[in-house]
Number of protein chains: 2
Amino acid sequence: MSLAHAILGFLQKQNMTGYDLKTSCFDKCLAHLWPADQAHIYKTLEKLLEQDWITCNVEIQQDRPNRKVYSLTAAGNAELLRWLQCSQSLPTIREPLLVQLFFATQLPNEAIVNLLEKQLAAHYEKVNDCQTIKLSPFNETLADREQLVYQLIQELIMRREQIYIDWLKSTIELLQLE
Amino acid sequence: MSLAHAILGFLQKQNMTGYDLKTSCFDKCLAHLWPADQAHIYKTLEKLLEQDWITCNVEIQQDRPNRKVYSLTAAGNAELLRWLQCSQSLPTIREPLLVQLFFATQLPNEAIVNLLEKQLAAHYEKVNDCQTIKLSPFNETLADREQLVYQLIQELIMRREQIYIDWLKSTIELLQLE
DNA sequence: GAGAGCATGTAAGAGGTTACATGATTCC
DNA sequence: GGAATCATGTAACCTCTTACATGCTCTC
């Protein structure tokens, strides 16, 4: 249910369209915490409407497609607050590379090293990406408290990446020595 | 597609039933790399049959339900080998706790600390679990190479957990000071 | 007698992705 | 002229989970 609640969370800060949510919120702030697809966001908005947790107001535009601007209802706000206090389950992590490695003992070392190197390159790219994320979607000046929380989140994400990078590097070295 | 290929991988080592795959393989070896549900395993076995990557042989039993023993075909083996050489995408990690924290600045510090402490307890439990995983489902003596790979995988999993634990601990301390 | 283990599955739904379609405007 | 931006969506599909159902045996 995190996608639905993340949408509620963003709408609490500011009224927005599905497009805004995708481009300014999910892709910018939550890309590394909760990636979300455009089609999925639109579908979820409909469900939230059905639940009466949000409402929709159409702004007619001449030059461009009309905007469906969503906003949080009182019920939606209450639901968000309820969810914010529920303890969440641990992240489910599925690791394609490690599954592959698990069965890859039948491959020669060079083939395995090759796979690891590609993954390492992808992680380097991702770290680059992570460094440029902006955790606040709006141009407000943030309270100290918010800034602190955002910094903490960013740090966990970076550490998480660093672990993979370190592990990949040392594993590649090890296999090359053999 | 990792679930399908993991099944091929296990069947390459030994013929098995869906039940065996769930209880001896996925739950024991891949629990922290690629958790898999029983219903999902059965459905995937059917798809693999349709593709002719596996075949099924029914063993009739008197006292117990019959066993559908699956085995890898030559085509299945080829597919596994092909997949083992494809570079995999990075793991998609979705973090319910971090999303929650992202929106939780409206909660008092104690409420946040409470959430973090629950998550920390869950991670401690998981680390315990991870320490008891046995990466080989069979009672064979392993080649050095396999043993090395399994050790490396285990280490990455443990480090991944440790990061979360360290982060949660220091974040709790920080918030309690405020 | 209750519960765990063996072994099969189905049905329904939640969650998520990919690809396609529209149509105007602005920038290179 | 071609690509990007704005803004909407749909359809099909894949992945995964939850809950239910059956029925026998062995152990506590």
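All heavy atoms count here, side chains included; hydrogens, waters and symmetry mates do not. In what follows, every chain begins at residue 1, and chains take the letters A, B, ... in the order their sequences are listed. On a predicted model such as this, the values are computed, not experimentally measured, just so you know.
Considering only side-chain atoms of B:H40, the nucleotide from D:dT10, D:dT17, C:dG15 that sits closest is D:dT17. When each of C:dG9, C:dT10, D:dC16 is scored by its nearest atom to the side-chain atoms of B:A39, the top-ranked nucleotide is C:dT10. The side chain of A:K47 has C:dA14 as its nearest neighbour among C:dA14, C:dG9, C:dT17.
The base of C:dG16 lies close enough to the side chain of A:K43 for a donor and an acceptor atom to sit less than 3.5 Å apart. The base of C:dT8 sits within donor-acceptor range of the side chain of B:Q38, with an N or O pair under 3.5 Å.
Straight-line distance from the CD atom of B:Q51 to the P atom of D:dC14: 10 Å, rounded to whole Å. The separation between A:I93 atom CD1 and D:dC16 atom P is 15 Å, rounded to whole Å. To the nearest angstrom, C1' of C:dA4 lies 16 Å from NZ of B:K22. Straight-line distance from the CD atom of A:E46 to the P atom of C:dA14: 14 Å, rounded to whole Å. Rounded to whole Å, atom C1' of C:dA19 lies 11 Å from atom CG of A:D37. Here the P atom of nucleotide C:dG16 and the CG atom of A:L45 are 14 Å apart, to the nearest Å. Atom CD1 of A:I41 and atom P of C:dT18 are 14 Å apart (whole Å). Protein atom CG of B:L49 is 12 Å distant from nucleotide atom P of C:dT8, rounded to whole Å.
Residues B:E79 and B:H5 have side chains that bring a donor and an acceptor to within less than 3.5 angstrom of each other.
Both A:W34 and B:Y70 lie close to DNA chain C; mapped to their nearest nucleotides by heavy-atom distance, the more 5′-ward contact belongs to B:Y70.
Using the six-membered ring where Trp is involved, A:H123 and A:Y164 have ring planes that are parallel, under 30° apart on the 30 and 60° scheme.
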Check nucleotides 4-6 of chain D for protein N or O atoms closer than 3.5 Å to its own N or O atoms and list the pairs.
unit_1	atom_1	unit_2	atom_2	d
D:dC6	OP2	A:Y19	OH	2.7
D:dC6	O4'	A:R64	NH1	3.3

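Considering only side-chain N and O atoms, A:Y42 lies nowhere under 4.0 angstrom from the phosphate OP1 or OP2 of D:dT10. In this model, the phosphate group of D:dC16 is approached by a side-chain N or O of A:R94 to a distance below 4.0 Å at OP1 or OP2.
Between A:K43 and A:E46 there is no salt bridge, since no side-chain N of the basic residue sits under 4.0 Å from a carboxylate O of the acidic one. Salt-bridge check for A:K169 with A:E117: failed, with every basic side-chain N at 4.0 Å or more from each acidic carboxylate O.
Interatomic distance, B:R67 CZ to B:D20 CG, rounded to the nearest 0.5 Å: 5.0 Å.
Open room surrounds CD on B:E125; 12 or fewer heavy atoms of other groups in view lie less than 6.0 Å from it.
Residues B:L168 and A:I93 share a single hydrophobic cluster, defined by chaining ILVMFWY side chains whose heavy atoms lie under 4.5 Å apart.
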